[in-house]
Amino acid sequence: MKAFVKHQGLVAPIDLANVDTDMIIPKQFLKAINRSGFGPYLFDEMRYLDQGWYGKPLSERTLNPDFALNRDRYRNASVLLARENFGCGSSREHAPWALDDYGFRVIIAPSYADIFYNNCFKNGLLPIVLDKTAVDQLFVDVEAEEGYALAVDLEAQVITRPNGDTIAFEIDGFRKHCLLEGLDEIGLTLKNAELIRQFETAHSRTYPWLYGAIK
Amino acid sequence: MAGQTLYDKLWDSHLVESRQDGTALLYIDRHIIHEVTSPQAFEGLRLSGRKPWRTDTTVATPDHNVPTNAEERKGGVATIIDDTSRIQVQTLDDNCDEFGIKEFHVNEMGQGVVHVIGPELGVTLPGTTVVCGDSHTATHGAFGCLAHGIGTSEVEHVLATQCLVTSKMKNMLVRVDGQLGPGVTAKDVILAIIGKIGTAGGNGYAIEFGGSTIEALSIEGRMTICNMAIEAGARVGLVGVDQKTIDYIRGSRFAPTGAMWDRAEAYWQTLRTDSDAVFDAVVELDAAAIDPFVSWGTSPEMVAPVNSVVPRPEDSGNPVKQKGYQRALDYMGLQGGMNITDIMIDKVFIGSCTNSRIEDLRAAAAVARGRKKAESVKQVLVVPGSQMVKAQAESEGLDRIFIEAGMEWREPGCSMCLAMNSDVLGRGEHCASTSNRNFEGRQGAGGRTHLMSPAMAVAAAVTGHITDVRKLA
């Protein structure tokens with residue numbers, strides 16, 4: 001997995017609550033069998049005026065000038081500022097894949113849907129939770145100042161504003177550790193293979209009908 | 001010491017290791033795989049030279065992407081017209097062959113929507129942990145399982161280790177008591193619940209559904225309710241085991257038999273929340289007060305009783321919500337204050353992991369019998385949830401009832417619930433749909449979804465507008 005230690009980048013706002021995974025990456029793009037290349041289709045239905053499909057060349061697309069990410073001042077943004085319950089809906093990991101492929105490294109929102117939040121960490125994307133007041137203020141600041149960028153330090157769990165003020169954030173210790181080190185979670189779990197086998201031995205004695213039935 | 005909730009019990013019986021940092025290694029008994037969220041997981045296994053930890057826990061089937069018209073289905077994978085869809089379904093077949101995973105292929109008996117086939121085949125058994133790369137995996141909680149959706153990285157993790165790294169959720173009880181009125185179904189109950197607690201109301205919780213109303217529901221009804229726990233923000237929905245649960249499982253393909261059945265059944269009978277268990281949150285609803293519900297907006301919390309009006313944005317209570325309501329009304333082409341029953345319907349979809357089981361089709365057929373689709377309605381799709389449901393419905397003659405009513409009887413799959421195949425809405429079309437999500441573009445770019453029960457969807461199909469099924473002459 002990709003590591004995340006520190007990041008500084010331009011902030012782009014998506015000022016809408018309950019942004020769902022169908023908005024982040026519409027279903028027609030889920031037919032791909034690889035993990036990369038979803039960036040051009042991120043927020044497809046909001047970002048373009050024409051209808052997109054997987055593989056449609058960018059040269060044939062018509063940008064929606066009203067969508068935040070299409071505004072010049074937010075070009076090359078890598079920090080996404082969002083509202084409540086961001087990423088609700090489907091478990092599709094294509095959503096964080098698309099955000100990552102577009103170039104986002106950090107998301108800041110008051111809350112996330114559980115599965116989306118979890119999926120972000122598997123892809124080196126840092127979803128930060130801040131209280132609503134702090135997020136409201138960031139929306140005001142981003143709108144007010146062109147080129148508004150934030151610096152994020154995961155080790156210290158601190159966001160630094162352009163004026164030097166800092167905002168602390170919480171994150172669970174295991175996820176922080178995995179992200180900082182870019183750890184392979186499967187490899188990590190397999191270090192406990194013996195423990196899993198011991199569990200399985202006891203479990204199969206208690207619930208023998210769960211073993212060998214599907215073939 | 002206070003007793004345990006059912007979720008606590010399931011958690012404890014699958015806990016491999018509890019860690020200082022609050023995470024845990026949880027053992028997974030059952031894993032269901034489909035074509036859309038698995039190819040990258042298998043590719044990950046290949047790249048790292050890993051193999052599945054066990055294969056007798058896992059079942060695969062194509063559902064999200066498969067065509068539902070008989071013509072395109074007749075040659076199996078080979079006749080799927082869309083190249084990317086065909087490649088994806090073929091990739092599932094290839095991966096299952098390579099890694100030794102049991103698959104129910106596109107036209108094989110057993111194929112169907114993952115959350116329909118799991119229970120009907122006895123893959124899903126009470127007391128198990130069940131995961132699938134699909135957020136509606138909560139459906140299986142209707143059998144007293146700990147079941148939830150996972151992302152593709154976790155699909156790979158479960159394949160390779162039979163475990164998940166996760167952390168424990170909080171417990172919420174949603175208690176529904178009393179008798180549902182005539183024409184009011186499990187779908188109306190869950191839409192009413194989501195309307196009450198909102199789409200983030202269950203974030204971080206496992207929701208147990210209880211109370212006399214839930215106990216009186218059929219297993220199909222309980223599945224409909226657990227299915228949409230995720231639309232209330234909860235990854236997990238569950239219901240305690242009773243005799244109905246056990247009767248549903250009995251005789252299914254992968255269920256135990258003989259002495260092993262007796263032993264399993266004795267255990268399953270214990271899978272209920274202790275009477276002195278304490279929940280972190282409790283929500284109560286009165287069944288008698290629930291009317292048929294319909295969604296008017298672009299989030300599953302934007303619902304209203306059928307005989308009410310579309311809300312006005314200014315009545316929503318806060319600025320962020322008001323903005324969301326206005327955006328939803330603009331997208332849906334509706335005015336605040338108009339009657340819900342004045343919403344005209346262009347297409348109807350009966351199907352999905354929420355409402356495509358035999359009981360749903362019987363309820364739909366009961367309304368369709370002897371009636372005709374309204375002239376103004378362009379298309380009514382009836383998509384059975386599985387090959388087994390399809391065969392059962394045909395043996396009861398339900399397919400004839402739909403066809404005589406001017407509706408289309410299709411092959412099993414997810415179909416217009418997420419419109420990955422050619423079953424899609426056109427821009428601006430309103431759809432009466434028995435599915436679970438009414439997000440913008442969900443059923444087709446610019447399409448407008450109205451969630452409702454199967455009986456209500458047929459009522460809309462025969463009148464051409466949203467209609468209270470109880471008032472149908």
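In what follows, chains carry the letters A, B, and so on, assigned in the order in which the sequence lines appear, proteins first and then strands, with residues in each chain numbered from 1.
Checking A:W209 against B:E265 by side-chain atom types alone, no donor-acceptor pair falls below 3.5 Å. Using a 3.5 Å distance cut-off with no hydrogens or angles, the side chains of A:E93 and B:T37 do not pair a donor with an acceptor.
Closest approach of B:G151 and A:N119 over heavy atoms only: CA-OD1, 3.2 Å. Contact record, B:S135 with A:S90: OG-CA, 3.6 Å, taken as the closest heavy-atom pair. When all heavy atoms of B:R263 and A:P208 are compared, the pair lying nearest together is NH1-CG, 3.5 Å. The shortest non-hydrogen separation linking B:R235 to A:I115 is NE-CG1, 3.4 Å. Closest heavy-atom contact between A:G212 and B:R54: N-NH2, 4.4 Å.
Between the CZ atom of B:F439 and the NZ atom of A:K27 there is a distance of 12.0 Å, given to the nearest 0.5 Å. B:L25 contributes atom CG, which lies 9.5 Å from atom CZ of A:F199 (distance to the nearest 0.5 angstrom).
The residue among B:Q162, B:H14, B:E43, B:R427 with the most heavy atom pairs within less than 4.5 Å of chain A is B:H14. Taking B:A255, B:G233, B:A419 one by one and counting their heavy-atom pairs under 4.5 Å with chain A, the maximum is reached by B:A419. The most heavy-atom pairs under 4.5 Å with chain A, out of B:P256, B:G149, B:A445, come from B:A445. Chain A forms the most heavy-atom pairs under 4.5 Å with one residue out of B:R19, B:R253, B:H148, B:R30, and that residue is B:R30. With respect to chain A, the highest number of heavy-atom pairs below 4.5 Å among B:K102, B:M420, B:E440 belongs to B:M420.
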Inset, instruction - Check step by step if side chain to side chain contact (heavy atoms under 4.5 Å, CB included) holds for B:E154 and A:N118. - result: CA-CA 10 Å; B:E154 289 178 323; A:N118 196 32; 2.6 Å; yes
Legend entry - Candidate pair B:D29 and A:H203, rule side chain to side chain donor-acceptor pair (under 3.5 Å), full reasoning: CA-CA 10 Å; B:D29 295 314; A:H203 191 69; 2.8 Å; yes
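Proximity to chain A is absent for every atom of B:T166, based on heavy atoms less than 4.5 angstrom apart. If you measure heavy-atom distances from B:T58 to chain A, the contacts under 4.5 Å come from the backbone alone. Residue contact with chain A, scored on non-hydrogen atoms closer than 4.5 Å, involves the backbone and the side chain of B:F254 alike. In this structure, no portion of B:Q20 lies under 4.5 Å from any heavy atom of chain A. Only the side chain of B:D82 comes within less than 4.5 Å of a heavy atom of chain A; its backbone N, CA, C and O stay farther away. There is no contact between B:Q90 and chain A, counting heavy-atom distances below 4.5 Å. For B:T91, the part lying near chain A is the side chain, with the backbone staying farther off; criterion is any non-hydrogen pair under 4.5 Å. For B:R437, the part lying under 4.5 angstrom from a heavy atom of chain A is the side chain only.
Residues of residues 180-194 of chain A that come closer than 4.5 Å to chain B, counting heavy atoms only, are A:D184, A:E185, A:I186, A:G187, A:T189, A:L190, A:N192, A:A193, ordered by residue number. Heavy-atom neighbours of chain A within the stretch residues 319-327 of chain B, taken at a separation under 4.5 angstrom, comprise B:V320, B:K323, B:R327.
Checking side-chain atoms of B:N65 against main-chain N and O of A:K31 turns up no donor-acceptor pair under 3.5 Å. Using a distance-only test at 3.5 Å, with no hydrogens or angles considered, no donor-acceptor pair links the side chain of B:N203 to the main chain of A:A113.
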